[in-house]
Amino acid sequence: MPDLFAEKLLDWYDNHGRHNLPWHHDRNAYRVWVSEIMLQQTQVATVIPYFEAFMASFPDVQALASAPEDAVLSHWSGLGYYARARNLHKAAKQIVEAYDGEFPQDQEALESLTGIGRSTAAAILAQAFGKRAAILDGNVKRVLARYHAVPGWPGQSAVLKQLWQHAETHTPNHRVRDYTQGIMDLGAMVCTRSKPKCDSCPLNSGCVAYAESQTHLYPGSKPKKQKPEKTTWMLIFEDTEGRILLERRPPSGIWGGLWSLPELDPAYGAEELQEACEKELGLVCSDPELISGFRHTFSHYHLHIQPARLPVSGNTRIADSESQRWLHRDEALTLGLPAPIRSLLTEPEQSALL
DNA sequence: GACGCGTGGAA
DNA sequence: TTTCCAAGCGT
């Protein structure tokens, strides 16, 4: 007996799905891979311009593997989750060295590459090679949780396991590429988080949540937690030539590997800033000019950023190095910068949210 | 298994 | 304004 789920979905995809996304053109494993990494936890509309620019600079896996990491991070600036860029670059080197530049075509080998997990490996297999492989991204989770009325939050492993089971069961043996794209499109366009368009859904006749008018209950919501508040000084040191001091952040943690402004312990008061800069950083500054602080919200905490501009008259310790550089503003903006730092440098007056 | 990791859009 | 969460993965 044919799986009507897949057949109905494929028919819908032919008529209503998305067939013209940038990574659908000149489709190959490299383009599919880069798009899948960029699309992790990131919406399609956000990704498109980044994908185009990335492909123009790194058209194939060899170009990416031989590029400096800074260039890769610079292309990721503003996209977030920067470990994705570092892992992508690392995996490109692995593919060139271990696989002679040819992508492996089995699930296990793909998952051994940095940054490729179960769902991304499956997406590459299906999209690039037409092989049968089940995916389970946020869209598919929502479709399946509603269709089968799977209770609970998908962050719980028991719930996730059930959803994977359903995903495997529904994945057809033919037209896997279209099916995979189709079920994601359905989740993005019809089975949306709020106000799903059930009337025009090809799967509504078999959908349990729809039959019970309970689509809003699926998937179960994440338990909410209080976000902690953190505070930091962000220092804009400016020398007599108009150059600014940038520091490379450690490879792990927030904004890992990106360039940012030097920070100082928030325990220092504004009046202690000048002295602290000389003591801790070896920079002789005149009075700090306090810029309006603002609160930046991350996934797990709020960060109160207190910017201060400090004209530097003497420099006793810091010189350009691997992790510290004096740059003019326009040069700084070519580096891989976190979005809030980029806007702080381009429009400091508009960062005044508080 | 729980947590850390960014940003922007939608409600 | 705040919260949620979007083509997840590594530790």
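Below, chain A is the first sequence line, B the second, and so on; all start at residue 1.
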Which is true for [X] with a 4.0 Å heavy-atom rule: it touches a base, it touches only sugar-phosphate, or it touches nothing?
X      : result
A:V47  : nothing
A:R118 : sugar-phosphate
A:W33  : nothing
A:G253 : sugar-phosphate
A:L21  : base
A:G155 : nothing

What is the separation between atom [atom1] on [X] and atom [atom2] on [N], rounded to the nearest whole Å?
X      : N      : atom1 : atom2 : result
A:M38  : B:dG8  : CE    : P     : 15 Å
A:L39  : B:dG6  : CG    : P     : 17 Å
A:K224 : C:dT2  : NZ    : P     : 14 Å
A:I48  : B:dG9  : CD1   : P     : 13 Å
A:Q40  : C:dC5  : CD    : C1'   : 15 Å
A:Y301 : C:dT2  : OH    : P     : 18 Å
A:H300 : C:dT11 : NE2   : C1'   : 14 Å
A:R86  : C:dG10 : CZ    : C1'   : 11 Å

Provide the distance between the two P atoms, one in B:dG6 and one in C:dT11, to the nearest whole Å.
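Approximately 14 Å lies between the P atom of B:dG6 and that of C:dT11.
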
With P as the reference atom in both, quote the distance from B:dC3 to C:dC4 in angstrom, rounded to an integer.
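Result for the P pair: 16 Å, nearest Å.
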
Select one nucleotide: of [options], the one nearest the side-chain heavy atoms of [X].
X      : options              : answer
A:I254 : C:dG8, B:dG6, C:dC4  : B:dG6
A:Q43  : B:dG1, B:dG8, C:dC4  : B:dG8
A:Q41  : B:dC5, C:dT3, C:dA6  : C:dA6
A:R295 : C:dT2, B:dT7, B:dA10 : C:dT2
A:F298 : B:dG9, C:dC9, B:dT7  : B:dT7
A:Y82  : B:dC5, B:dT7, C:dG8  : B:dT7

Closest contact, heavy atoms only, A:Q105 versus A:K131
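Taking A:Q105 first and A:K131 second, the nearest heavy atoms are O-NZ, 3.1 Å.
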
Determine: side-chain N/O of [X] to OP1/OP2 of [N], distance under 4.0 Å, yes or no.
X      : N     : result
A:K225 : B:dC3 : yes
A:H296 : B:dT7 : yes
A:W76  : B:dG6 : no
A:T120 : C:dC9 : yes
A:T46  : B:dG8 : no
A:R142 : C:dA6 : yes
A:K222 : C:dC4 : no

When you measure from the centre of the six-membered ring of [Y], is the NZ or CZ of [X] under 6.0 Å away and within 45° of the axis?
X      : Y      : result
A:R118 : A:W164 : yes
A:R325 : A:W259 : yes
A:K230 : A:Y301 : yes

Evaluate salt bridge (charged side-chain N to carboxylate O under 4.0 Å, His left out) for A:R295 paired with A:E229, printing each intermediate quantity in order.
CA-CA 9 Å; A:R295 193 170 77 148; A:E229 290 276 353; 2.4 Å; yes

5'-most contact on DNA chain C: A:Q181 or A:Q226, nearest heavy atom basis?
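Whichever sits nearer the 5' end wins; that is A:Q226.
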
Let me know, please, whether A:S35 or A:I116 comes out on the 5' side of the other along DNA chain C by nearest nucleotide.
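Closest to the 5' end, via its nearest nucleotide, is A:S35.
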
Below 4.5 Å, heavy atoms only, C-beta onward: do A:P202 and A:Y13 meet side chain to side chain?
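Counting from C-beta outward, A:P202 and A:Y13 never come under 4.5 Å.
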
Angle class for the A:W33/A:F103 ring planes (parallel below 30°, perpendicular above 60°, tilted otherwise)?
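A:W33 and A:F103: perpendicular rings.
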
Is a donor-acceptor contact shorter than 3.5 angstrom present between the side chain of A:S119 and the base of C:dG8?
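Looking at the base of C:dG8, it does not pair with any donor or acceptor on the side chain of A:S119 (distance under 3.5 Å).
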
5'-most contact on DNA chain B: A:A339 or A:Q156, nearest heavy atom basis?
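So the residue in question is A:Q156.
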
